[in-house]
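I have placed the structure first, in the form of structure tokens, so that the comments after it can refer back to it.
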Amino acid sequence: MVVDPVGGDLAELALRGMAWGGRYLVIGFAAGFIPRVALNLVLLKGCSVIGVAAGTAAKHDMAGAIQEIETLARWIAEGRLKPLVSATLRLEQAAEALRSLAERTATGKIVLMPQR
């Protein structure tokens, strides 16, 4: 399985590396552009390309979306999922956080902590 929130130049390489019968989940295009891949790769790999858009899915199946969020929250609480936090900043540093996102230097989530 490939989970691809980036797209860009590496999308075709990821598809080429896919095992037979794999699944390629398209999450987004953080690279800044939508890749174009040769569909013969999908045929040769016998794989599926699936678009994953949480907001759109919730419009079509709100109960399913709620169940998925509850499952993810449980997995995080159990330690099964550990989101990567690349920086924890004070709320006053929000401009720095936005700059990091705009310049694509953040490697994970940036958490802003309100002043106590």
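In this structure, P114 and L91 approach most closely via the heavy-atom pair CA-CB, 4.1 Å. Taking all atoms of both residues into account, the shortest heavy-atom contact from S100 to A106 is OG-N, 3.4 Å. P35 and G8 get closest at one heavy-atom pair: CB-O, 3.4 Å.
Within a 6.0 Å radius of CZ in R90, no more than 12 heavy atoms belonging to other residues, nucleotides or ligands are found. Within 6.0 Å of CG on D9 lie no more than 12 heavy atoms contributed by other residues, nucleotides or ligands. Environment of CD in Q67: sparse, with no more than 12 heavy atoms of neighbouring residues, nucleotides or ligands closer than 6.0 Å.
Distance check: L72 CG to R80 CZ gives 10.5 Å after rounding to the nearest 0.5 Å. For the atom pair CD (Q93) and CE (M113), the distance works out to 12.0 Å, reported to the nearest 0.5 Å. From L84, atom CG reaches atom CD1 of I110 across 10.5 Å, with rounding to the nearest 0.5 Å. Here the CD-CG distance, from E103 to L98, works out to 11.0 Å after rounding to the nearest 0.5 Å.
The salt bridge (Lys or Arg N to Asp or Glu O under 4.0 Å) check on R36 picks up nothing, with sequence neighbours excluded. In this structure E96 satisfies the salt bridge (Lys or Arg N to Asp or Glu O under 4.0 Å) test with no other residue, sequence neighbours excluded.
Cluster annotation: L39 is connected to Y24 through the hydrophobic network of ILVMFWY side chains, with a link wherever side-chain heavy atoms come within less than 4.5 Å. Residues L15 and F29 are members of one and the same hydrophobic cluster, defined by side-chain heavy-atom contacts under 4.5 angstrom among Ile, Leu, Val, Met, Phe, Trp and Tyr.
L25 pairs with exactly one of V3, V2, D4 by the side-chain contact (heavy atoms from CB on, under 4.5 Å) rule, that one being V3.
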Name the atoms and distances for all side-chain donor-acceptor pairs under 3.5 Å in residues 41-54, with sequence neighbours left out.
from : atom 1 : to  : atom 2 : distance (Å)
K45  : NZ     : R16 : O      : 2.8
K45  : NZ     : M18 : O      : 3.2

